[in-house]
Amino acid sequence: MTDTSPLAARHADRVRALIRHCPDGKTLKLREGDRIAECTRGRDGGLLTLKLGLRSDVTGAALLHAIFRVTDAAGDGAVTLHHLEGRRETPDLTKRQEQYLAALLGWAEHVLPSAPPVAPAPRVPAWQRDYVALYGHLAGCSPATARRRLRDGFFVDQEDATEDGRMNAFIDLLREEDRVVAVDLHEETIEALIRFLAEQRLGRPCPGSVRLALAEADLDLLIVEDGDGLVIGIVPIGQIDAAAALVTRLAPLLTVRGFA
């Protein structure tokens, strides 16, 4: 969406008024249940984020994740509206999302002006740094590549999620990319799935011993139990302990098992 969006124009005056309530360089943020409103104003303008934390049964993304931007620090500039669905920006909102947006904006007007100002969150929160590191271990890529992969979708969508919710979404992302496999504890095809995973990571067939092929490439299996089954990934042998520690810190309810 752009500043020509009828929705942006419709709500522009109300958005500007809310952003003017936010002290320069500070953040106003409030959460009630699944409703989240956050306003930030700085030298480059202001942001108003409205989010409905309930997840879609179809996409797994938040039902509404709208971001209004104001281009001037005084809160008087042009207003643009952006809406995120998981890792992509949508071109428009559904009628139901428009209703959610109107309701959340009305709620934000009521609660945000009385919220205590706080300093903006660290530029890179600790949980994001940890996921960048863990993605790098499992994907075999640099921190810069991992950050680019996670920045626009995963980080934004999971900002207000629980620890378990973030980890579940992260595992889903890795499964989509064939970085990990998830198997039932009694899955008969576990060896075939591990072979598939190894061939994806090595970029070649593994007709013989998978463990030997991985060892020759200085790689090994990282196995995590999530209660319903196992999540298996591949990391460099020298990074096993670091990856296991990251999993434990990011999702304490998960159990890192022996590296089979």
Checklist entry - If you round to the nearest 0.5 Å, how far is CZ of Arg129 from CG of Leu246? => result 11.5 Å
Next on the checklist: Can you confirm whether Leu222 sits close enough to Ile234 that some side-chain heavy atom of one is under 4.5 Å from a side-chain heavy atom of the other?
Outcome noted: no
Checklist entry - Do Pro236 and Asp218 come within less than 4.5 Å of each other through their side chains, counting heavy atoms only? => result no
Checklist entry - Between CG of Leu28 and CD1 of Ile19, what distance do you get to the nearest 0.5 Å? => result 10.5 Å
Checklist entry - How close do Ala66 and His83 get, heavy atom to heavy atom, and via which atoms? => result N-CD2, 4.0 Å
Next on the checklist: Does this structure show an ion pair linking Glu109 with Arg14, if we count only N-O contacts that are shorter than 4.0 Å?
Outcome noted: yes
Checklist entry - Looking only at atom types and distance, does a side-chain atom of Arg69 sit under 3.5 Å from a main-chain N or O of Thr80, one as donor and one as acceptor? => result no
Next on the checklist: Using side chain to side chain contact (heavy atoms under 4.5 Å, CB included), reason through Leu221 and Leu214 one step at a time and then give a plain yes or no.
Outcome noted: CA-CA 8 Å; Leu221 300 176; Leu214 290 174; 3.8 Å; yes
Item to check | Carboxylate-amine/guanidinium proximity below 4.0 Å for Arg31 and Glu38 | outcome: no
Next on the checklist: Hydrophobic cluster membership, with links at side-chain heavy-atom distances under 4.5 Å among I/L/V/M/F/W/Y: are Ile36 and Leu30 in one?
Outcome noted: no
Checklist entry - Would a distance-only check, ignoring hydrogens and angles, find a side-chain to backbone donor-acceptor pair under 3.5 Å from Thr71 to Ala78? => result yes
Next on the checklist: What's the separation between atom CZ in Arg257 and atom CG in Leu230, rounded to the nearest 0.5 Å?
Outcome noted: 5.0 Å
Item to check | Linked, directly or transitively: Val224 and Ile171 (ILVMFWY side chains, under 4.5 Å) | outcome: yes
Checklist entry - Between Glu163 and Arg166, is there a salt bridge with N-O shorter than 4.0 Å? => result no
Item to check | Closest contact, heavy atoms only, Asp24 versus Arg41 | outcome: N-NH2, 3.5 Å
Checklist entry - Is a side-chain N or O of His65 found less than 3.5 angstrom from the main chain of Lys51, in a donor-acceptor match? => result no
Checklist entry - What closest approach, in Å, do Gly136 and Ala146 show between heavy atoms, and which atom pair accounts for it? => result N-CB, 4.1 Å
Next on the checklist: Let's go through Leu105 and His11 carefully: what are the C-alpha distance in whole Å and the side-chain angles of both, what is the deciding distance for side chain to side chain contact (heavy atoms under 4.5 Å, CB included) to 0.1 Å, and is it a yes or a no?
Outcome noted: CA-CA 9 Å; Leu105 183 56; His11 297 307; 3.5 Å; yes
Item to check | Candidate pair Leu101 and Glu98, rule side chain to side chain contact (heavy atoms under 4.5 Å, CB included), full reasoning | outcome: CA-CA 5 Å; Leu101 178 64; Glu98 289 185 17; 5.5 Å; no
Checklist entry - Where the side chain of Arg35 meets the backbone of Trp107, is there a donor-acceptor pair that is under 3.5 Å apart? => result no
Item to check | Evaluation steps, side chain to side chain contact (heavy atoms under 4.5 Å, CB included), between Arg204 and Glu199 | outcome: CA-CA 5 Å; Arg204 60 177 174 81; Glu199 291 176 344; over 6 Å; no
Checklist entry - Side-chain heavy atoms under 4.5 angstrom apart, residues restricted to Ile, Leu, Val, Met, Phe, Trp, Tyr: same cluster for Ile237 and Leu202? => result no
Checklist entry - Taking all non-hydrogen atoms of both residues, which atom of Leu112 and which atom of Ala37 are closest, and how far apart? => result CD2-O, 3.9 Å
Item to check | Close side-chain approach of Lys26 to Val118, heavy-atom, < 4.5 Å | outcome: no
Checklist entry - Can you check whether Leu197's main-chain N or O pairs, donor with acceptor, with Gln200's side chain at less than 3.5 Å? => result no
Checklist entry - Between Arg201 (side chain) and Leu138 (backbone), is there a donor-acceptor pair under 3.5 Å? => result yes
Checklist entry - CG/Leu81 to CD1/Ile67 distance, rounded to the nearest 0.5 angstrom? => result 9.0 Å
Item to check | Euclidean distance, Ile223 CD1 relative to Ile194 CD1, rounded to 0.5 Å | outcome: 6.0 Å
Next on the checklist: As an exercise, state the distance from NE2 of His82 to OG1 of Thr49, rounded to the nearest 0.5 Å.
Outcome noted: 10.5 Å
Checklist entry - For Leu134 and Ala243, which heavy atoms make the closest approach, and how far apart are they? => result CD1-O, 3.9 Å
Item to check | Minimum side-chain heavy-atom gap Arg149-Leu173 below 4.5 Å | outcome: yes
Item to check | Thr145 side-chain N/O to Cys141 backbone N/O, donor-acceptor pair under 3.5 Å | outcome: no
Checklist entry - Do Leu254 and Met167 come within less than 4.5 Å of each other through their side chains, counting heavy atoms only? => result yes
Item to check | Heavy-atom side-chain proximity of Leu174 to Val231 below 4.5 angstrom | outcome: no
Item to check | Side-chain heavy-atom pair Glu225, Val256 within 4.5 angstrom cut-off | outcome: no
Next on the checklist: Test: ring-ring contact (aromatic ring centres under 6.0 Å, His included). Region: residues 123-145. Which pairs qualify, not counting sequence neighbours?
Outcome noted: Trp127-Phe155, Tyr131-Phe154, Tyr131-Phe170
Checklist entry - So, for Val210 and Ala198, which heavy atoms are closest and what is the spacing to 0.1 Å? => result CG1-CB, 3.6 Å
